[in-house]
Amino acid sequence: MTNNINGIHHITAIAGDAQRNLDFYTRVLGLRMVKKTVNFDDPGTYHFYYGNETGTPGTILTFFPWEGVTNGRAGTGMATEIGYSVPVDSLPFWAERFSRFNVRHGEIAGRLGETYLPFEDPDGLKIHLIASKYPDERKPWATGEVTAEVGTKGFHSVTLTLRDVQPTAAILTDVFGYRLEEQEGDRYRYRTDAIPTASIVDLVAAPAMSRGLSGGGTNHHVAFRVANEEVQMAFREKILSRGLHITPKINRDYFFSLYFREPGGVLFELATDNPGFTVDEPLDQLGTHLKLPEQYESMRASIEQSLPALH
Ligand code: ZN
């Protein structure tokens, strides 16, 4: 697994109200908030990270909550669906829970040999809970209401909607080491053997659909996982050699990042395992303090004052 793309590292989406986002993901969905920080490029905005106990790559969903943000629109050139792996018998629990909390959701259905429950978060972000047909030994974060028997284990997959799947598929197969595993209708499933979980990218061909519009309730980017900066920089060379633009290495405090737009229009990131979320908070206190990157620490008082209060 050392020199490979090890599946999804994290997915980042846009939300509206910060408190509503926090309540939904920690209380209704039962995720752990593993880091509460600010958008490093816009410190007047929070950056929330939700995941499992330790914030393992492959479990991390992050949000920029922008008060009063205009809603986006799903379309091509965008990650349009997040898949979470859940224990196989847990879907009825979730359907009942979503009904009780007035979460917009569909019926339990089947696709590619797996059953799933589709729902939307309060901003309209589309997520599927999937009873995965692949073994998944990851341990869910447990809360009082969402126990380990039913809790989410981390990502199963991400779905990208594209006008033409081929250019994006070529990045997945020729650069990232994925292969086409299955197809059902307009959905093409790519998977890597480098890691057993969070290893799936589904490409949906939608040649007639209009381009997605970034905004509340849409995904901002998909980060893929690499073991360390050495592997990351080797992939940077591979991306450059295909004539694509890619950023220099950026320090995100909890990982190092590179960004590039893949030919289908989706913003991809390559993010490292190191140093991880315990770099500035002990494990038992993850997500409980507002953490700021060094360059903003001197502005802490004014930043804290400008951010929406959370309870
Ligand atoms: Zn990211």
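All ligand and atom numbering here is 1-based and tracks the order in the structure.
- Looking only at its N/O/S atoms, His221 has NE2 as the one nearest to the Zn ion (ligand 1).
- The name of the N, O or S atom in His10 nearest to the Zn ion (ligand 1) is NE2.
- None of the N, O or S atoms belonging to His9 lies under 2.8 Å away from the Zn ion (ligand 1).
- Note that Arg191 lies in the cation-pi zone of Tyr134, set by a 6.0 Å cut-off to the ring centre and a 45° limit from the axis.
- The aromatic rings of Tyr84 and Phe155 are tilted relative to each other, their planes meeting at an angle between 30° and 60°.
- In this structure, Glu114 pairs ionically with Arg189, as a charged nitrogen and a carboxylate oxygen lie closer than 4.0 Å.
- For Glu269, the N/O/S atom at the shortest distance from the Zn ion (ligand 1) is named OE1.
- The ring pair (Phe, Tyr, Trp, His ring centres under 6.0 Å) check on Tyr254 picks up Phe277, with sequence neighbours excluded.
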